[in-house]
Amino acid sequence: MIPAAFEYHAPKTLEEALRLYERHGDEAKLLAGGQSLLPLMKLRLAAPRFVIDLGKLRGMNHIREENGKIAIGALTPHAEVEHSALLRAKCPLLVETAAEIGDVQVRNRGTLGGSLAHADPAADYPAAILALDAEILAASTSGTRTIAAREFFVDMLTTQLRPGEILTQVRVPILAPKTGTAYCKLHQPASGFAIVGVAACVTVNRSGKIEEVAIGVTGLGPKPYRAAAAEKALRGKKTNPKLLADAARTAAQGVEPLSDLHASAAYRREMAAVFTRRALERAVARALGKKA
Amino acid sequence: MAVDIQVRINGKPHDSKVEPRLLLVHYLRDTLGLTGTHVGCETTLCGACTVLVDSKAVKSCTMLAVQADGAEVTTIEGLAGAPEAGGKLHPVQEGFWEKHGLQCGYCTPGMILASVELLRGNAEPSEAEIRRALAGNLCRCTGYQNIIEAVRYAGKKMKGRKR
Amino acid sequence: MKVEGSYVLEASRAEVWALLTDPNRLARLLPGCERLDPDGPDRFKAVIKFALAAISGKYDGSLTFLEKKPPKLLRLRLEGKGIPGFVKGEGKLELGEKGAQTELRYSGEAQIGGMIAAVGQRMVDAAARRVITQFFESAAAELKATSAKK
Amino acid sequence: MATATRYIGKPLKRKEDPRLIQGLGHYVDDLRLPEMHYAAFVRSPYAHAKVRSVDVSKARTAPGVVLALTGADVKGAIGFVPCAAQIPDMKSAPRPVLAVDRVRFVGEAVAVIVATDRYAARDAVDLVEVDYEPLTPVVDPERAMAKGAPVLHEPYKDNVAYRWELEGGDLKKAFKQADKVIRQRIINQRLIPMAMEPRGVMADYKPGEKQLTVWSSTQIPHLLKTQISVMLRVPEHSVRVITPEVGGAFGSKLNVYPEEALCGYLAMQLGKPVKWIESRRENFQTTIHGRDQIDDLEIAVKRDGTVLGLRCKVIADLGAYYQLLTPLIPTLTGLMMCGCYKIPAARMEITGVLTNKMATDAYRGAGRPEATYFVERAMDLVAAELKMDPVEVRRKNFPQPEEFPYATPTGLIYDSANYQRSLDLVLKNSGYTKLRKEQAQLRKKGKLMGIGLSTYVEICAMGPSSAMPAGGWESATVRVEPTGNVTVLTGSSPHGQGQETTFAQIAADMLGLEPDEVQVVHGDTAAVSYGIGTFGSRATAVGGTAVYKCLEKLRSKLGQIAGHILGEDPGKLVFRDKKILSKSSKKSLNFVEAVGAAYVAKTLPPGMEPGLEAVTFFEPTNFTFPFGAHVCVVEVDSETGDVKVVKYVAVDDCGNVINPMLVDGQIHGGIVQALGQALLEEAVYDENGQLITGELMDYAIPRAADIPWMELSRTVTPSPVNPMGVKGVGEAGTIGATPALINAVVDALSPLGVRHVDMPVKRERIWQLLHKPSGRAPAKAAPKKRRAR
């Protein structure tokens with residue numbers, strides 16, 4: 001219940017934060033909303049020597065349209081994503097996903113950047129971020145670089161972020177015409193984390209042909225991934241229930257699912273298929289303008 | 001080592017020097033003596049410690065006191081001062097009393113504050129909306145049913161007052 | 001928790017055997033191993049700093065070779081305890097010849113106690129896999145480096 | 001003297017609530033004393049180990065630390081953790097408050113730190129070095145019983161704590177006459193009570209007055225006072241226990257824990273107040289668990305559905321040590337094994353087994369949910385076997401209303417009931433016939449919908465002292481203060497049940513006052529006469545009756561005083577509207593005047609003692625037996641195995657009702673706890689004895705969105721056992737609801753040949769049944785029926 005002592009810094013500018021982070025290296029942890037880090041610290045599974053609180057940084061909590069994309073500041077709480085009218089209209093997948101994270105209180109504090117940088121294997125956002133082919137902006141004292149979502153997640157709790165880099169913004173594309181998206185999730189009954197979470201983004205043309213499809217899967221393995229085999233099986237085909245179901249069955253291909261108290265690897269594998277199909281069905285229906 | 005913070009709590013400013021690792025809930029309870037906010041777990045899952053920070057429900061066990069620097073915090077003790085309450089019992093408090101929305105009372109302050117946030121955005125929530133909004137608050141006594149009744153009661157009351 | 005699997009290394013059995021039984025080199029393979037000091041025959045004192053992003057802990061423990069059948073079989077026990085709890089693993093490594101390569105088959109059982117067992121349940125599986133992968137990747141790199149030197 | 005019931009039976013708002021909804025109540029951690037010190041414990045990460053050494057030297061010199069003690073330090077000074085339950089030939093399993101040379105479960109304390117603040121105490125815990133020699137843990141109770149298993153408590157040779165048998169009726173005959181014998185193993189999993197407020201203790205010692213005060217979040221302040229006195233060898237009159245607000249308990253605080261004695265000891269050593277507040281992880285590891293039985297059931301049944309006999313072999317996993325009532329709990333299962341059925345012969349054999357886990361003990365229902373669960377499963381197994389409707393099997397076996405009081409073969413006398421009536425009502429309220437039609441329709445579409453029934457009886461109002469381990473009576477003192485307010489002091493120690501309100505309702509009606517004029521005091525051993533506590537659905541039926549009897553005494557005395565003053569026959573006076581009045585002459589005396597007369601003592605009838613205080617120690621003559629009927633409807637997601645409860649209808653009969661709103665609240669909460677057991681909850685130890693559901697992250701308790709709206713109604717069959725005709729309701733929901741849900745799930749899966757599922761019905765467990773029927777011994781008919789769909 002009580003974290004170990006640490007040295008606290010609350011920089012007021014990103015530059016200051018980057019300098020501090022560079023100086024303290026892996027002895028420092030960044031504190032955004034704290035909904036992942038603080039529980040670990042309270043259990044003393046994490047005991048960083050330095051905590052750099054990003055809460056006083058300005059300009060990192062925003063959702064705005066920029067150069068044909070939507071830019072979301074890393075410090076934007078999940079609740080603001082969930083309730084954003086802009087996102088609801090132009091990137092509803094993120095809204096639907098944010099609404100599935102934790103509970104109201106966690107969504108009020110937890111941030112998009114914090115969640116992505118923590119890279120919990122059962123977090124919700126990564127599925128959507130992958131399905132959207134989002135871009136992740138990372139700043140360091142030597143400048144800012146853009147990381148493609150597909151490159152971002154490396155392993156459990158590990159991302160492409162280098163020592164000293166701070167995730168500053170996420171850019172997601174605006175929903176293309178004739179495109180439907182959906183996030184379907186099987187909750188772990190105690191913690192609410194995803195046993196399996198599937199985000200689907202499907203573009204269907206007037207004749208019912210799937211022009212583009214992207215499927216992000218979280219919870220199944222140590223890191224979130226794109227269900228490439230399923231996407232391949234769908235791309236260019238005319239949508240029908242059997243097609244979706246067959247493609248969904250390949251959702252866990254090449255992945256060795258995790259196993260825990262709540263779901264064995266075999267069950268997780270099966271649920272990946274079920275929830276991929278459900279997400280695809282819902283996304284396709286939305287793409288076709290049906291209620292789902 | 002200690003950090004200076006300024007926090008408005010229940011409308012009153014507080015200037016304190018705190019150890020950075022001090023949790024907001026311990027700051028409220030141990031430093032300020034506001035013991036109405038309870039602690040029920042250490043994994044951010046029970047919601048007993050829910051308070052409003054800048055009008056948003058948060059779990060005060062998963063926030064450092066230093067993170068509340070510059071913020072406005074409302075605890076159960078200060079709810080009577082909320083705009084909807086006007087110095088009396090808040091409609092949500094009233095609802096919990098009227099509808100027997102509590103038994104042992106331990107989860108109650110957190111439940112009430114989570115409900116306040118819900119009703120400020122939606123005075124007529126459906127049963128499903130209430131259940132979802134209270135997903136972050138555990139109660140082991142009531143089976144939640146009377147809590148739902150309490151929130152509905154309060155919502156009606158708040159809507160009536162707005163008119 | 002049970003673990004098993006296999007990994008193919010680009011080296012002969014003799015080379016792999018030499019690597020696995022040399023404490024100085026082995027120390028470099030064990031993820032987070034800071035020290036591995038002899039403490040009796042086939043027994044070593046170990047200091048391991050385990051770090052997985054935010055989650056970290058320091059473990060004091062020991063490594064014991066329980067059985068050595070060069071160059072085919074190595075049974076070992078690794079024990080560690082620290083503030084987050086304790087870890088105890090026992091397993092065997094079987095070295096099989098596969099042409100110029102060596103196939104390492106591993107199987108074992110690990111016991112985890114304390115805080116990690118209580119709250120880290122869902123992470124343990126993935127963490128164990130990661131440690132094993134890191135071990136073999138380091139072994140591959142080490143062997144590559146040695147052969148390059150030759 | 002007739003009693004007007006202006007308040008009894010009415011849904012009065014609770015007197016407790018204004019403080020609780022404003023954050024003004026005080027739980028243990030809300031209390032502060034000057035110079036408060038905080039204790040923290042060093043606990044074993046091993047399930048079974050020898051403790052070679054405990055080095056607290058680094059901790060002792062850490063900032064803020066004032067004391068660090070090991071098991072060896074306190075060994076001679078503090079007695080063992082007490083167990084009040086004795087079963088013949090039971091092995092002893094003594095538990096020191098701090099482990100000395102051996103630990104037997106994860107979380108067992110080996111050292112305690114006291115520091116000037118909680119952060120410093122927590123920091124110092126990490127500085128204690130303990131050298132453990134791990135021993136093989138014994139986790140599975142069946143393996144623990146086997147020869148050669150490591151033994152927990154030497155010098156014993158095995159881990160069987162006791163064997164206990166109960167038999168009634170002619171069992172041999174029953175099984176001989178049976179057309180069929182149905183067998184089923186039924187597991188009642190281990191549960192974590194998870195009261196919202198973890199345990200907490202604060203102790204203060206005043207050396208001058210030689211007074212030790214212990215504040216504890218407990219259900220039994222008086223018993224705790226006695227036990228602290230015994231454990232610390234302090235005269236009992238020097239110990240005072242206060243229970244402030246208690247944030248839920250459900251049996252988990254019906255106990256005496258090491259920390260309670262230790263905090264007292266530490267306060268005495270330091271001469272400073274010491275507080276310890278349990279963390280949730282500690283709560284999971286070291287506060288008692290519930291249930292954990294393996295029940296092997298044999299049902300002897302006739303072709304027409306008449307159950308002739310029931311035999312059950314129980315393996316009860318007791319954990320590593322005995323807490324207050326640990327060994328006793330499974331025996332309650334034995335007493336109630338026939339449920340609400342007229343089963344002529346029954347036999348139970350219990351084997352209590354010691355394992356490297358936390359002790360099990362009383363958790364809401366305590367032994368009776370286990371009985372109800374298996375007997376209600378039994379009724380459905382019979383129905384399935386004989387292809388009868390579960391309703392018909394139940395009706396067939398109910399005793400008739402006129403058969404009460406009804407004697408069971410297990411030696412109980414059920415006080416009063418009408419099982420037919422509650423069953424009829426629940427069938428009507430749930431639209432049972434229509435539900436069955438809907439089910440048939442849905443099955444045609446391949447949908448899995450199930451309807452589950454449970455008709456239960458429970459044993460409450462615990463209980464006659466002859467049948468209880470340490471007294472089953474309850475005390476009350478009612479005092480009318482000179483100005484006319486009433487103070488009710490009760491030995492019960494409510495913690496959410498609302499007796500401050502219900503007892504005030506009783507007193508107000510009996511004395512013709514308003515509930516606001518009555519203050520109910522409990523939980524302070526210096527203020528209240530010795531009492532037993534709140535558990536076993538006893539507060540109203542036993543504690544309330546004690547209050548009632550006090551009120552009768554006071555009415556009698558006040559009646560005599562008023563009669564004397566008014567010149568009326570005391571027997572013809574009534575108490576109403578703050579007056580004592582004669583119905584015939586219309587003469588009246590203000591209540592407060594009569595009270596004044598008792599204290600001023602100038603106009604008392606000759607020979608009458610002054611003052612207005614009555615004390616009662618009420619000894620019940622029998623238990624009470626509330627009952628009810630529940631219907632649960634579930635839908636099973638055939639792809640994920642997810643079980644959704646879509647409808648829950650309950651009819652409960654707890655006798656006469658003091659406050660219907662509070663009764664409903666108890667039932668709501670009880671049902672949801674039961675649904676929690678059936679759907680979600682399970683304390684899981686891995687093969688090494690690690691509690692891997694060690695936090696709320698892995699132990700799921702029901703959240704608001706996990707459960708349906710509950711439709712409640714009531715029948716009223718007063719109990720003849722006490723003058724108010726009340727029965728008790730605290731555990732009813734928990735006892736009645738688990739079988740309703742499981743019966744519904746089995747019913748949903750029955751087209752696949754499933755005849756039993758163990759709790760909790762986790763998705764994967766159901767999914768396995770749906771997708772790998774061969775793995776779970778399905779009935780022969782399964783494949784055919786599946787084709788038929």
Side-chain angles (χ1 to χ4, degrees), chain A residues 1-6 35-36 39-45 47 99-100 102-106 120 122 184-198 219 244-245 248-249 251 257-279 281, chain D residues 29 38 40 63 115 117-126 192 194 198 277-283 637-643 676 679-686 690-706 760-768 770-772:
Chain A
M1 183 63 203
I2 294 164
F6 53 81
Q35 302 302 288
S36 299
L40 288 174
M41 288 174 64
K42 291 197 308 176
L43 297 168
R44 300 206 175 190
L45 288 172
E100 290 293 322
D103 50 51
V104 173
Q105 292 95 321
V106 167
D120 190 299
C184 291
K185 171 185 181 182
L186 183 67
H187 295 77
Q188 198 260 52
S191 68
F193 271 107
I195 286 176
V196 171
V198 182
L244 300 186
R249 238 167 256 134
L258 297 174
S259 175
D260 70 6
L261 182 64
H262 304 284
S264 69
Y267 181 68
R268 269 196 165 80
R269 182 179 294 282
E270 186 74 18
M271 289 309 107
V274 170
F275 283 80
T276 299
R277 196 201 72 230
R278 289 180 183 182
E281 285 171 352
Chain D
D29 200 17
Y38 294 84
D117 74 83
R118 40 178 128 224
Y119 281 52
R122 171 64 188 85
D123 288 347
V125 165
D126 288 346
I192 293 173
M194 229 307 290
I277 301 297
E278 189 181 51
S279 72
R280 182 55 66 193
R281 191 163 81 107
E282 289 178 301
N283 178 258
D637 181 331
S638 60
E639 285 187 318
T640 62
D642 199 47
V643 173
L679 285 171
L680 301 165
E681 299 181 36
E682 185 173 27
V684 181
Y685 282 90
D686 72 6
Q690 296 292 331
L691 180 63
I692 56 173
T693 50
E695 274 280 3
L696 284 167
M697 305 176 61
D698 286 305
Y699 189 88
I701 75 160
R703 290 175 183 276
D706 295 329
V761 287
K762 289 190 176 177
R763 301 173 188 127
E764 187 166 358
R765 182 171 281 170
I766 303 300
W767 175 80
Q768 278 172 348
L770 288 164
H771 295 269
K772 295 179 197 161

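Every chain is numbered from 1 and lettered A, B, ... according to where its sequence line falls, protein lines coming before strand lines. The structure presented is a predicted model; accordingly, all values stated were derived computationally and were not measured.
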Nearest-0.5 Å distance that lies between atom [atom1] in [X] and atom [atom2] in [Y]:
X      : Y      : atom1 : atom2 : value
D:E764 : A:E270 : CD    : CD    : 10.5 Å
A:L261 : D:I692 : CG    : CD1   : 5.0 Å
D:R122 : A:M1   : CZ    : CE    : 12.0 Å

*Heavy-atom distances under 4.5 Å only: say whether A:R277 touches chain D with side chain, backbone, both or neither.*
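The side chain, not the backbone.
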
Please classify the contact between [X] and chain A as side chain, backbone, both or neither, with a heavy-atom cut-off of under 4.5 Å.
X      : result
D:R703 : side chain
D:Y699 : backbone
D:E681 : neither
D:L696 : backbone
D:R763 : both
D:D642 : neither

*asked:* Please find the pair of heavy atoms, one from A:I2 and one from D:Y119, that lie closest to each other, and give the distance.
replied: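 The answer is CG2-CD2, 3.3 Å.
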
*Closest heavy-atom contact between D:E639 and A:M271?*
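Answer, listing the atom of D:E639 first, then A:M271: O-CE, 3.2 Å.
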
If you define the side chain from C-beta out and look only at heavy atoms, does anything of [X] sit under 4.5 Å from [Y]?
X      : Y      : result
A:Q188 : D:D698 : yes
D:D123 : A:R44  : yes
D:T640 : A:Y267 : yes

